[in-house]
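The chain is numbered in sequence order, starting from 1. Reckoned from all heavy atoms, side chains included, excluding hydrogens, waters and symmetry mates.
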Amino acid sequence: MNYSSIRKVIILGAISLVGIIAMQTYWVASTWNLNEEEFDQKTKLALYRVATTLAGMNGAALPSRDVIKQRSTNYYIVNIANEFNGNILTYLLQKEFEAIALNIDFEYAVFDCHTNEMVYGGYCSYAPEDQNRQTSLGKLPKVAGLTYYFGVKFPTRSGFLLDQMQLSIFLSGILVLTLLFFVYSMSVILRQKRLSDMQKDFINNMTHEFKTPLSTIRISAGVFVTDERIKSDSRLLKYASIILEQNERLNKQVEKVLQLAKMDQGNIDLQIESCSLEDVLTPVIDSMRLRIEEAGGQLIADIPDSVPDIQADRLHLSNVLYNLLDNAAKYCVQAPFIQLRVQVDHQFVHIVVQDNGIGIGREHHTRVFDRFYRVPTGNIHNVKGFGLGLFYTKRICDAHGWKIRLNSQPGQGTTIAIQLPRMQSAKI
C-alpha cells in the first residue's frame with residue numbers, strides 16, 4: 001500500500017469518525033434534553049398534586065398561577081398561598097413521586113413566615129442505608145414575595161439522569177474505543193510503511209551495488225573458461241565453469257529482486273505481444289531437462305501438436321515457467337519426476353506442472369505466494385533460494401490477468417496450473 005492509498009484511508013476514516021462522533025454527540029445531547037424535560041414535567045406534576053392535596057385539606061384554593069416555580073435545575077418552590085399542614089408533607093411527596101415512578105432522593109424545607117426562615121424538613125432516600133439520614137446537604141434558599149410555600153431539592157438529579165442514559169453512555173464508550181483503535185491502527189500502518197520503504201531502499205541499493213562486481217566476475221570467469229591453458233587442465237576448467245555458473249545464478253537472483261522492486265513501485269513494464277507458446281516452452285524445457293536428468297530424474301512434456309498463440313510478455317512468461325520447473329526439481333527427496341502438460345479448450349490454454357516432490361501442507365497454501373516465504377522442508381537442507389520464485393510468479397500472473405491454482409498435499413507432490421486466455425483468432 002503506497003502513501004497515497006494510506007492517505008485516502010486516513011482521510012475517509014477520519015471523515016467517517018467525525019460524522020459518527022457528531023451523530024453520537026447529537027444523540028446524547030438530545031437524550032439528555034429529553035430526560036431533563038421528562039424529569040421536569042414529572043416533578044411539576046407530582047408537586048402540583050401535593051399542593052392540591054394540601055390546599056384541599058384546608059378547604060382553600062391554589063393560586064391561579066405560579067404554583068410551581070423552578071429556581072434552578074434541581075430546586076423547586078411550591079406556592080400554596082394558604083396555611084397548610086407540613087407534618088404530612090414527607091408522606092405526600094414520597095407518595096406522589098412513587099406514583100409517577102420518580103424514584104430519586106430529595107430533601108425539602110418549609111418556609112416559616114414567623115421567623116422568615118426555611119425550616120429544613122428532611123432528606124428522603126430510596127437507598128436503604130440512607131433512610132434515616134437527617135443531615136442537610138445544603139441550605140435551601142427562600143423566595144421573596146411568598147408567605148406559604150415549601151421547597152424541594154433533588155441533590156442527585158444529575159446522577160439520576162445519567163442512570164437513565166446508560167445505553168447512550170455505553171455506546172459512546174464503544175465509540176471512543178473505536179476512535180482510539182483507529183488512531184492506533186493508523187500509527188502502526190504508517191510505522192510499518194516506513195519500515196517497508198527502508199527495507200526496499202536497502203534491498204534496491206544492495207542489489208544495484210552487486211551488479212558491478214557480478215559483471216566483473218562474469219567477464220573474468222569467461223576469460224578463464226576460454227583460455228587454452230585453462231581448457232588443458234580439467235580441474236581448473238571445472239572450477240572456472242563453476243564460478244561462471246554460480247555467477248549467472250546469482251545474477252539472475254539479483255535481477256529477480258530488482259524486477260520485484262519495480263513491481264512494488266507499480267512499474268511493471270510488460271511487453272505484451274502475440275507469441276507462440278511452443279516457442280517459449282521449448283528452450284525452457286530443454287534447459288531444465290538437462291538439469292533434471294543430471295539429478296537422475298525425468299521431465300515429461302505433453303504438448304499438443306497445435307497450440308494457439310497467446311498474448312504475453314515472452315521474457316516474464318519464460319521466467320514463470322522456469323520458476324515452476326525449478327521448484328518442482330528442487331523439492332524432491334528422490335529422483336524428480338516432473339510432468340508439464342498443455343491443455344487447450346475453447347477459451348483458455350492451461351499450463352500444468354506436476355511433480356513427485358515433498359508436497360505442501362494445506363496450512364501453507366495461502367502463504368506460498370508471499371514474498372520471502374519458504375515452506376519448511378523437514379530433513380531437506382540443500383534447497384537454496386530466497387522465497388521469491390512463487391511470489392514473482394503470482395505477481396506476473398496477476399499483471400497479465402492469468403489465474404494460478406495450487407493443489408498439493410504432503411508426500412503426494414504438487415500441481416500448479418496457470419490459465420491463460422487464448423487468442424480469439426487462433427484455430428486448433
Side-chain angles (χ1 to χ4, degrees), residues 28-166 168:
V28 171
S30 299
T31 304
W32 176 269
N33 292 334
L34 288 174
N35 288 339
E36 273 194 324
E37 183 178 353
E38 181 184 11
F39 181 87
D40 292 339
Q41 290 177 352
K42 285 185 175 182
T43 300
K44 290 178 179 178
L45 176 60
L47 293 177
Y48 185 81
R49 289 177 178 176
V50 172
T52 302
T53 302
L54 290 174
M57 293 174 64
N58 294 330
L62 292 174
S64 58
R65 61 179 182 176
D66 294 336
V67 177
I68 311 298
K69 293 183 178 181
Q70 185 173 356
R71 308 301 296 177
S72 65
T73 57
N74 67 339
Y75 184 44
Y76 297 82
I77 294 296
V78 182
N79 181 25
I80 306 298
N82 291 282
E83 291 186 3
F84 62 91
N85 183 5
N87 295 327
I88 62 172
L89 188 56
T90 301
Y91 168 75
L92 293 177
L93 289 172
Q94 289 180 333
K95 175 185 175 182
E96 295 299 335
F97 287 153
E98 290 177 359
I100 58 175
L102 197 62
N103 301 324
I104 182 174
D105 297 355
F106 67 91
E107 57 181 342
Y108 70 96
V110 179
F111 178 72
D112 186 349
C113 58
H114 298 291
T115 61
N116 197 30
E117 295 292 339
M118 295 292 290
V119 179
Y120 189 74
Y123 182 92
C124 299
S125 174
Y126 286 91
E129 61 273 14
D130 292 335
Q131 286 293 336
N132 298 322
R133 179 174 180 176
Q134 298 293 333
T135 305
S136 173
L137 294 183
K139 184 178 180 180
L140 277 65
K142 58 185 179 179
V143 179
L146 300 180
T147 54
Y148 299 101
Y149 66 92
F150 65 90
V152 179
K153 185 177 182 180
F154 301 94
T156 60
R157 176 180 179 274
S158 298
F160 177 79
L161 293 178
L162 288 175
D163 286 341
Q164 307 299 310
M165 299 176 59
Q166 290 182 1
S168 301

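Here the side chains of Val78 and Tyr48 are not in contact, with every heavy-atom distance at 4.5 Å or above. Counting heavy atoms from C-beta outward, Leu54 and Leu89 have side chains that approach closer than 4.5 Å. Residues Glu38 and Asn35 meet the side-chain proximity criterion, which asks for heavy atoms closer than 4.5 Å. Ile88 is listed as a side-chain neighbour of Met57, based on a closest heavy-atom distance under 4.5 Å.
To the nearest 0.5 Å, atom CD of residue Gln164 and atom CD1 of residue Ile104 are 9.0 Å apart. Separating the OH atom in Tyr91 from the SG atom in Cys124 is a distance of 13.5 Å, to the nearest 0.5 Å. Here Glu107 contributes atom CD and Ser125 contributes atom OG; the two are 11.5 Å apart, rounded to the nearest 0.5 Å. Note that the CD1 atom of Ile68 and the OG1 atom of Thr43 stand 10.0 Å from one another [nearest 0.5 Å]. The CG atom of Asp163 sits 11.5 Å away from the CG atom of Asn103 when rounded to the nearest 0.5 Å. Summarising the geometry, atom CZ belonging to Phe154 is positioned 9.5 Å from atom CZ belonging to Phe160; distances are rounded to the nearest 0.5 Å.
Nearest heavy atom pair, residue Leu62 against residue Asn79, reads CD2-O, 4.4 Å. Contact detail for Pro155 and Asn74: the closest heavy-atom pair is CA-ND2, 4.2 Å. Minimum interatomic distance between Ala46 and Ile100 (heavy atoms only, all atoms of both residues): CB-CD1, 3.6 Å. Listed here is the closest heavy atom pair of Tyr148 and Cys113: CE2-SG, 4.2 Å. In terms of heavy atoms, Ser168 sits closest to Val28 at CB-CG2, 4.3 Å.
Atom CD of Gln70 sits in a crowded spot, with more than 12 heavy atoms from other residues, nucleotides or ligands closer than 6.0 Å.
Under the 3.5 Å distance criterion, the side-chain polar atoms of Asn82 are matched with a main-chain donor or acceptor of Ala61. In terms of modelled atom types and a separation under 3.5 Å, the side chain of Arg157 and the main chain of Thr73 share a donor-acceptor contact. The main-chain N or O of Val143 is found under 3.5 Å from a side-chain atom of Tyr149 such that the two form a donor-acceptor pair. With hydrogens and angles disregarded, no donor-acceptor distance shorter than 3.5 Å links the side chain of Tyr108 to the backbone of Leu93. Here the side chain of Lys142 pairs no donor or acceptor atom with the backbone of Phe111 at under 3.5 angstrom.
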